[in-house]
Novice: 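If you scroll down you'll find the structure; I have some questions about it.
Everything quoted here is computed from the prediction, not taken from an experiment. Every chain is numbered from 1, with letters handed out A, B, ... down the list of sequences.
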Amino acid sequence: MRIATWNVNSITARLPRLLAWLEKSGTDVLCVQETKTTAEAFPAEALREVGYESAVNATGRWNGVALISRVGLDDVVPGLPGGPDYDGVTEPRAISATCGPVRLWSVYVPNGREVGHDHYTYKLRWFEALRAAVSDDAAGPRPFAVLGDYNVAPTDDDVWDPTVFEDSTHVTAPERDALTALRSTGLSDVVPRPLKYERPYTYWDYRQLAFPKNRGMRIDLVYGNEPFAKAVSDSYVDREERKGKGASDHAPVVVDLDV
DNA sequence: ATGACGATTGGAAATCGA
């Protein structure tokens with residue numbers, strides 16, 4: 001069984017590449033972030049025509065997450081129970097479902113914008129709510145994983161140049177502490193292998209030739225419980241999908257499971 | 001080649017991203 005997570009930066013703009021990639025990669029379940037569409041405009045019919053069901057939590061131009069599966073999509077829960085609002089709005093940043101033998105979340109963690117910003121506080125609260133919401137499944141016997149754009153680089157090795165990010169979001173101690181707290185529920189970081197270079201970056205800015213220069217970050221993560229981690233046979237970042245016209249600024253992270 | 005930011009809303013310029 002092949003699962004993957006991909007911040008597509010608009011599923012409308014990415015649809016041709018998304019459909020081609022699903023077929024080429026043979027992915028059974030895809031966790032999507034930044035759909036940037038309403039649920040009504042989500043391309044569920046185009047996905048159904050190629051054999052995938054969709055579960056969507058999306059409200060418009062910002063955020064939005066989905067699960068796309070051809071191996072079952074049951075017990076769908078949209079949103080993060082107990083999660084914080086931002087500016088009085090409950091943003092669509094999480095959705096979970098059971099896909100065959102595994103329970104999966106697709107998450108788009110708040111960016112944080114600047115250290116000390118209201119959005120940064122919101123990000124830390126969001127992480128705490130996520131930890132509380134997944135703790136039972138994380139400790140359970142069923143293969144379980146939280147996949148998505150975490151907007152945190154777990155270590156300095158996950159950033160192309162740590163000195164560039166001093167005092168920036170994505171690398172601060174409170175954000176990394178939030179990852180540690182999340183792992184303490186029984187989850188571990190399923191680190192993918194890179195297809196080129198030393199580090200498995202998953203995001204490269206569109207600007208300043210970041211991708212050709214490999215100025216990237218590993219911020220798209222797969223956190224799996226013990227039954228999940230034991231079933232992993234391979235994991236890699238499909239950097240080929242970051243190339244060329246019409247690419248997202250994130251590459252898919254692929255995980256193969258023996259389940 | 002992997003190449004100098006892209007998507008959305010709205011119908012220009014602002015906002016967001018990390």
Side-chain angles (χ1 to χ4, degrees), chain A residues 5-18 20-21 32-43 58-66 86-87 89 91-93 107-124 126-127 148-176 178-179 194-221 236-253:
Chain A
T5 181
W6 192 10
N7 179 325
V8 295
N9 185 21
S10 170
I11 199 163
T12 307
R14 218 62 58 215
L15 188 60
R17 285 186 76 131
L18 173 65
W21 186 78
V32 181
Q33 301 87 38
E34 283 211 90
T35 57
K36 290 188 167 179
T37 180
T38 59
E40 293 72 26
F42 187 90
T59 55
R61 70 186 298 195
W62 306 122
N63 314 307
V65 289
Y86 187 71
D87 268 351
V89 177
E91 297 179 322
R93 293 181 175 275
V107 299
Y108 178 48
V109 177
N111 171 288
R113 299 186 187 165
E114 294 174 21
V115 177
H117 194 286
D118 282 349
H119 210 265
Y120 180 78
T121 308
Y122 168 56
K123 181 179 193 173
L124 297 176
W126 203 92
F127 264 122
D149 180 353
Y150 281 62
N151 270 320
V152 180
T155 73
D156 282 353
D157 285 340
D158 296 309
V159 180
W160 61 276
D161 183 354
T163 64
V164 173
F165 292 89
E166 282 182 50
D167 304 319
S168 299
T169 60
H170 294 63
V171 302
T172 66
E175 291 167 282
R176 288 175 172 169
L179 293 184
L195 295 186
K196 191 179 178 185
Y197 304 117
E198 297 297 311
R199 300 295 309 172
Y201 298 143
T202 66
Y203 161 83
W204 300 260
D205 199 297
Y206 283 123
R207 291 164 286 191
Q208 298 175 311
L209 292 171
F211 182 64
K213 294 177 178 177
N214 199 33
R215 294 177 174 174
M217 305 175 81
R218 186 172 76 94
I219 56 175
D220 299 273
L221 308 178
Y236 63 91
V237 180
D238 190 354
R239 66 189 304 282
E240 297 300 309
E241 208 42 54
R242 180 61 180 79
K243 297 179 180 180
K245 287 186 75 71
S248 170
D249 43 1
H250 296 250
V253 178

Novice: In chain order, what residues pass the side-chain hydrogen bond (donor to acceptor under 3.5 Å, both in side chains) check against A:N9, with sequence neighbours excluded?
Specialist: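 By the side-chain hydrogen bond (donor to acceptor under 3.5 Å, both in side chains) rule, A:N9 matches A:K36, A:Y206.
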Novice: With a 4.0 Å limit, can you tell me whether A:S10 has a side-chain N or O closer than that to the phosphate oxygens OP1/OP2 of B:dT8?
Specialist: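 So the side-chain polar atoms of A:S10 do come within 4.0 Å of the phosphate oxygens OP1 or OP2 of B:dT8, strictly under.
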Novice: So what does A:Y108 touch, heavy atoms closer than 4.0 Å: a base, only the sugar-phosphate, or nothing?
Specialist: sugar-phosphate
Novice: For B:dG6 and A:N9 - does any side-chain N or O of the residue sit under 4.0 Å from the phosphate oxygens OP1/OP2?
Specialist: no
Novice: Report the relative orientation of the aromatic rings in A:F127 and A:Y150; use parallel for angles under 30°, tilted for 30 to 60°, perpendicular for over 60°.
Specialist: tilted
Novice: Please classify the nucleic acid contact of A:G244 as base, sugar-phosphate, or nothing, using heavy-atom distances under 4.0 Å.
Specialist: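 Result for A:G244 = sugar-phosphate.
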Novice: Go nucleotide by nucleotide along DNA chain B from the 5' end; which of A:T35 and A:W62 gets its closest nucleotide reached first?
Specialist: A:T35
Novice: Would you call A:R176 and A:D156 a salt bridge, using N to O less than 4.0 angstrom?
Specialist: yes
Novice: Reckon A:E240 touches a base, only the sugar-phosphate, or nothing at all at heavy-atom distances under 4.0 Å?
Specialist: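 Counting heavy atoms under 4.0 Å across all strands, no contact is made by A:E240.
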Novice: Closest nucleotide of DNA chain B for A:L209 versus for A:G112: which of these residues is on the 5' side?
Specialist: A:L209
Novice: Which part of the nucleic acid, if any, lies within contact of A:D149, taking any heavy atom under 4.0 Å across all strands shown: a base, the sugar-phosphate backbone alone, or nothing?
Specialist: sugar-phosphate
Novice: Using OP1 and OP2 only, check whether a side-chain N or O of A:R113 sits under 4.0 Å from B:dG17.
Specialist: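 Result: yes.
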Novice: So A:T12, base contact, sugar-phosphate only, or nothing? Heavy-atom distance under 4.0 Å.
Specialist: sugar-phosphate
Novice: Find the distance A:Q208:CD to B:dG17:C1' and express it as a whole number of Å.
Specialist: 14 Å
Novice: Answer with base, sugar-phosphate or nothing: what part of the nucleic acid does A:Y203 contact at a heavy-atom distance below 4.0 Å?
Specialist: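 The answer is sugar-phosphate, as A:Y203 gets under 4.0 Å only of primed atoms, P, OP1 or OP2.
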Novice: Touch check for A:R14, heavy atoms < 4.0 angstrom, all strands: base, sugar-phosphate only, or nothing?
Specialist: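 A:R14: backbone/sugar contact only, no base atoms under 4.0 Å.
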Novice: Please give, in whole Å, the distance from B:dC5 P to A:E34 CD?
Specialist: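 It is 19 Å, rounded to the nearest whole Å.
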Novice: Given B:dA18, is OP1 or OP2 found less than 4.0 Å from the side-chain N or O atoms of A:N111?
Specialist: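 Answer is yes, contact under 4.0 Å.
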Novice: B:dA18, OP1 or OP2 - any side-chain N/O from A:Y201 closer than 4.0 Å?
Specialist: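 Looking at the OP1 and OP2 atoms of B:dA18, neither is under 4.0 Å from any side-chain N or O of A:Y201.
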Novice: Just to confirm, is there a sub-4.0 Å distance from OP1 or OP2 of B:dA18 to any side-chain nitrogen or oxygen of A:H119?
Specialist: no
Novice: In whole angstroms, how far is the P atom of B:dA7 from the CG atom of A:L18?
Specialist: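 In whole Å, B:dA7 P and A:L18 CG are 15 Å from each other.
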Novice: Closest to the A:Y206 side chain: B:dT8, B:dA18, B:dG17?
Specialist: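 Nearest to the side chain of A:Y206 among the choices is B:dG17.
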